[in-house]
Amino acid sequence: MAANQSIKELMAAETKASKIVSEARQERGERLKQAKTEAENEINVYRKQLENTFLLNGTDLLGDDSSIMDQEVQSDIETMKLNFQKNKQGAIDILVNQACRVVLQVPEARKQ
C-alpha cells in the first residue's frame, strides 16, 4: 500500500513537472514573439529615421552641380584616349607577329 501511494506521488510530481515545463515553453515562445515585435518596431523607427535623413540630405549627397561629374567623365575619357594611343602600336605588333608566325613543321602525331 505504501508502494501504491509512492507511485501516485511520483505520477503527480511528473504531471506537475510536465505542466511546469509546458508553461515555461509557452512563456518562452511568448517572450520570443514579444522580442521579435519589439525588434521590428525598432527597425521600422530606425528605417524611418534613415529615410528622413536621406530625403533631407539626398540632394547634398547626389550633388546639384553636374559640372563636377562632367569634368570627371571628361578626365576619364582623356585618360582612356591617352592609354589607347600609348598601347595601340604594341597591340598591333603583337597581332602582326602572331599572324605572321607560321610553323612549317608537321606534328609527329599527324605523320602517322
Side-chain angles (χ1 to χ4, degrees):
M1 202 163 181
N4 206 8
Q5 180 66 23
S6 59
I7 290 175
K8 287 182 182 179
E9 288 177 9
L10 284 173
M11 290 186 72
E14 184 180 344
T15 305
K16 185 177 177 183
S18 67
K19 284 182 183 178
I20 291 172
V21 169
S22 175
E23 289 173 0
R25 285 183 180 159
Q26 187 176 3
E27 289 175 7
R28 180 177 174 247
E30 290 172 1
R31 283 193 310 256
L32 286 173
K33 287 179 185 177
Q34 182 181 1
K36 181 180 178 183
T37 304
E38 290 174 2
E40 287 175 350
N41 290 337
E42 287 181 26
I43 289 170
N44 288 334
V45 168
Y46 183 67
R47 181 178 289 137
K48 286 179 183 177
Q49 287 175 347
L50 288 179
E51 287 175 357
N52 289 336
T53 303
F54 179 74
L55 291 175
L56 292 175
N57 299 329
T59 55
D60 294 341
L61 294 174
L62 298 175
D64 291 334
D65 190 13
S66 64
S67 64
I68 295 172
M69 185 182 294
D70 289 340
Q71 289 173 354
E72 290 178 5
V73 169
Q74 288 301 322
S75 172
D76 290 344
I77 289 172
E78 290 300 319
T79 302
M80 288 182 205
K81 285 181 179 179
L82 289 174
N83 285 336
F84 172 76
Q85 291 298 326
K86 185 173 86 174
N87 297 322
K88 178 173 66 171
Q89 191 59 45
I92 291 172
D93 291 341
I94 290 172
L95 289 172
V96 168
N97 286 337
Q98 290 297 321
C100 292
R101 187 183 312 163
V102 178
V103 179
L104 297 176
Q105 279 184 318
V106 177
E108 291 295 323
R110 295 285 184 183
K111 288 182 181 179
Q112 295 175 353

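The residues of the chain are indexed from 1 along the displayed sequence. For clarity, every value in this text was computed on a predicted model and none was experimentally measured.
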Check your understanding: Would you say Glu14 has more than 12 foreign heavy atoms packed within less than 6.0 Å of its CD?
Key -> no
Check your understanding: Gln89: what forms a side-chain contact (heavy atoms from CB on, under 4.5 Å) with it, not counting sequence neighbours?
Key -> Ile92, Asp93
Practice item. Could you list all the side chain to side chain donor-acceptor pair (under 3.5 Å) pairs where at least one residue sits in residues 21-35, not counting sequence neighbours? Key: Gln34-Glu38
**Study point:** side-chain contact (heavy atoms from CB on, under 4.5 Å) partners of Phe84, counting only residues at least two apart
**Key:** Lys88
Check your understanding: Mind checking what makes side-chain contact (heavy atoms from CB on, under 4.5 Å) contact with Leu95, not counting sequence neighbours?
Key -> none
**Study point:** Worked check of side chain to side chain contact (heavy atoms under 4.5 Å, CB included) between Leu50 and Phe54
**Key:** CA-CA 6 Å; Leu50 288 179; Phe54 179 74; over 6 Å; no
**Study point:** For Ile7, the rest of its hydrophobic cluster, which grows through side-chain links under 4.5 angstrom
**Key:** Met11
Check your understanding: Among all residues two or more places apart in sequence or in another chain, which pass the side-chain contact (heavy atoms from CB on, under 4.5 Å) test with Arg47?
Key -> Ile43, Asn44, Glu51
Point to revise | Reported CG-to-CD distance for the pair Leu10 and Gln5, which is rounded to 0.5 angstrom | key: 10.5 Å
Check your understanding: Hey, what do you get for CG (Leu82) to CD1 (Ile77), rounding to the nearest 0.5 Å?
Key -> 12.0 Å
Check your understanding: What distance separates Ile68 CD1 from Glu72 CD, expressed to the nearest 0.5 Å?
Key -> 7.5 Å
